[in-house]
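Atoms within each ligand, like the ligands themselves, are counted from 1 in listed order.
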Amino acid sequence: MKKVNVKIKPIGLFDLLAFKNIVPNRVKRFQAASDSDVAEQNINKLAKRLHPQKQEMVIKEIIERGKGVKTFRLKRKDGENPAYFRAGQYISLRLSLDGSVFTRPYSLSSSPKDALNGFYDITIKANEDGFYSKWAVENLKKGDQIECSAPEGTFYYEKLRDCGAVVGICGGSGITPFISMAKAIAEGDEDFNLILLYGSCKECDILFKDELAKLEKKSGGKVKTVHVLSEEENKAYEQGFITSKIIKKYAPADQPYSVFMCGPQAMYDFVDKELNRLKIERRLIRRELFGEIKNVQSAKGYPKDAKKEYKIKVKTLDGIKEIKAKSNESVLVAIERAGIAAPSKCRSGECGYCRSKLLEGDVFITEDNDGRRAADKKFGFIHPCSSYPLSDLFVEIPEA
Ligand code: FES
């Protein structure tokens with residue numbers, strides 16, 4: 001058998017000294033270190049600037065846009081620039097009125113460059129049936145303070161996903177994200193061709209008419225607007241609704257195009273059928289969200305035997321409170337109406353910010369507005385903004 005020689009090296013003097021000095025050396029280094037606070041890393045500062053938890057804004061200017069429509073120019077209270085964004089995104093305002101605590105999402109109608117120049121613009125149209133918009137248009141004034149979220153949403157141009165030409169279809173105040181996109185194109189921050197088909201009732205209802213004409217020129221032909229009037233005959237404009245015939249007339253014939261839509265639910269229902277006629281692939285169609293469903297009882301699959309009113313037990317960090325809820329209003333609206341602060345941003349089921357645990361009861365959620373992850377569906381989580389009570393409920397909501 002072969003003999004194996006293993007040599008064991010004796011511990012050297014230097015190794016012994018190094019070992020003995022480990023602790024004293026560490027103590028010396030601790031004592032020599034600065035006792036001032038660790039400076040925040042630049043990358044963390046940038047992340048906070050781009051994605052602040054909230055932004056305290058002040059109304060600096062109000063621009064009349066026509067009957068019942070105003071643009072509010074907002075600047076940060078602390079004098080900093082508001083967070084940068086992608087043209088087409090929205091901010092969520094945190095509000096309270098008549099004992100309700102609630103949020104409202106508004107698309108930014110200013111451009112990303114405007115944010116670097118210190119301001120955001122949002123444009124609000126008074127809706128006669130709306131809880132907040134009419135009040136806002138009639139009552140908000142210069143100097144009022146408003147808290148809002150960072151820019152949110154996915155309704156923006158993305159070169160990897162969208163075609164080089166975009167047909168933008170909008171109605172009424174749905175023009176606002178497209179104004180932001182048109183400005184960004186004219187300012188050189190976005191690079192795509194935007195053909196806007198903008199539906200209004202009458203000529204006097206067209207918002208941003210002069211701005212759109214100027215942006216067409218400034219963009220060097222990259223932005224083109226076609227106005228479509230539904231309630232007035234005027235040879236200068238297209239007539240009726242935005243049909244497949246009108247889309248085909250103005251969309252590029254020689255290249256694929258994406259379709260972006262922003263407007264009321266009724267417009268989506270109509271235009272969806274027209275797009276089907278044109279056989280446009282679903283992946284090329286993008287829709288901005290329109291908030292809570294207006295007439296949930298007529299949604300596909302809504303049960304005929306639902307009652308008009310239910311009770312909801314709401315569990316928060318402060319305890320459990322029982323509230324009343326109408327079956328045609330979302331769980332979120334019932335909670336807000338009761339003055340309970342609940343987190344929300346998009347109010348359309350998409351962002352997941354209102355995600356809550358349904359401990360007991362049944363809710364109705366339309367397929368189009370069910371933005372929950374598979375695991376959330378399995379383990380009983382709901383998005384209260386897109387859930388409608390079908391029985392008495394017990395819901396646990398996160399802190400606002
Ligand atoms: S607020 Fe966005 S999912 Fe409810």
Side-chain angles (χ1 to χ4, degrees), residues 51-55 83 85-86 88-97 100-108 122 130-133 146-156 174 176-177 261-262 264-265 268 286-294 296 299 312 314-316 323 325-359 361-390 393-400:
H51 310 287
Q53 283 280 324
K54 61 178 182 179
Q55 304 188 88
F85 65 98
R86 300 287 304 267
Q89 287 192 297
Y90 70 88
I91 51 171
S92 171
L93 308 187
R94 301 199 68 196
L95 306 154
S96 59
L97 181 68
S100 294
V101 189
F102 58 99
T103 63
R104 284 292 178 274
Y106 288 103
S107 294
L108 291 159
I122 54 168
F131 174 64
Y132 177 69
S133 61
I146 297 181
E147 185 186 309
C148 74
S149 70
E152 302 284 342
T154 57
F155 190 68
Y156 52 74
T176 49
M261 290 198 280
C262 184
Q265 193 176 336
Y268 289 173
R286 316 207 49 240
R287 312 195 311 177
E288 178 55 313
L289 309 162
F290 47 71
E292 282 111 9
I293 302 166
K294 296 282 177 302
V296 71
I312 304 180
V314 185
K315 187 175 175 190
T316 65
I323 62 170
K326 293 178 189 166
S327 55
N328 63 353
E329 285 184 343
S330 71
V331 173
L332 177 66
V333 169
I335 291 170
E336 291 174 336
R337 200 188 284 288
I340 301 170
S344 65
K345 280 184 184 166
C346 72
R347 306 185 72 87
S348 303
E350 190 201 61
C351 73
Y353 199 64
C354 63
R355 178 178 175 270
S356 301
K357 178 95 175 145
L358 179 63
L359 300 167
D362 283 325
V363 290
F364 177 76
I365 304 168
T366 66
E367 216 176 290
D368 282 352
N369 292 63
D370 193 355
R372 294 175 299 166
R373 295 173 300 183
D376 279 354
K377 289 182 192 175
K378 189 171 169 189
F379 293 110
F381 286 90
I382 58 167
H383 294 171
C385 67
S386 59
S387 304
Y388 294 78
L390 289 180
L393 307 176
F394 187 13
V395 182
E396 182 177 358
I397 63 167
E399 198 181 359

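Ring orientation note: the planes of Phe131 and Phe102 are nearly perpendicular, at an angle over 60° on the 30°/60° scale.
Here atom 2 (Fe) of ligand 1 has protein N, O or S atoms under 2.8 Å from it, and they come to 2.
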| Criterion side chain to side chain contact (heavy atoms under 4.5 Å, CB included) on Glu152 and Tyr353, from CA distance to verdict | CA-CA 11 Å; Glu152 302 284 342; Tyr353 199 64; over 6 Å; no

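At a threshold of 4.5 Å between non-hydrogen side-chain atoms, the residues Tyr132 and Ser100 do not count as touching. The shortest side-chain heavy-atom distance between Cys385 and Ser344 does not fall under the 4.5 Å cut-off. Between Thr154 and Arg286 there is a side-chain heavy-atom pair separated by less than 4.5 Å.
With rounding to the nearest 0.5 Å, the separation of OG in Ser149 from CZ in Arg94 is 9.5 Å.
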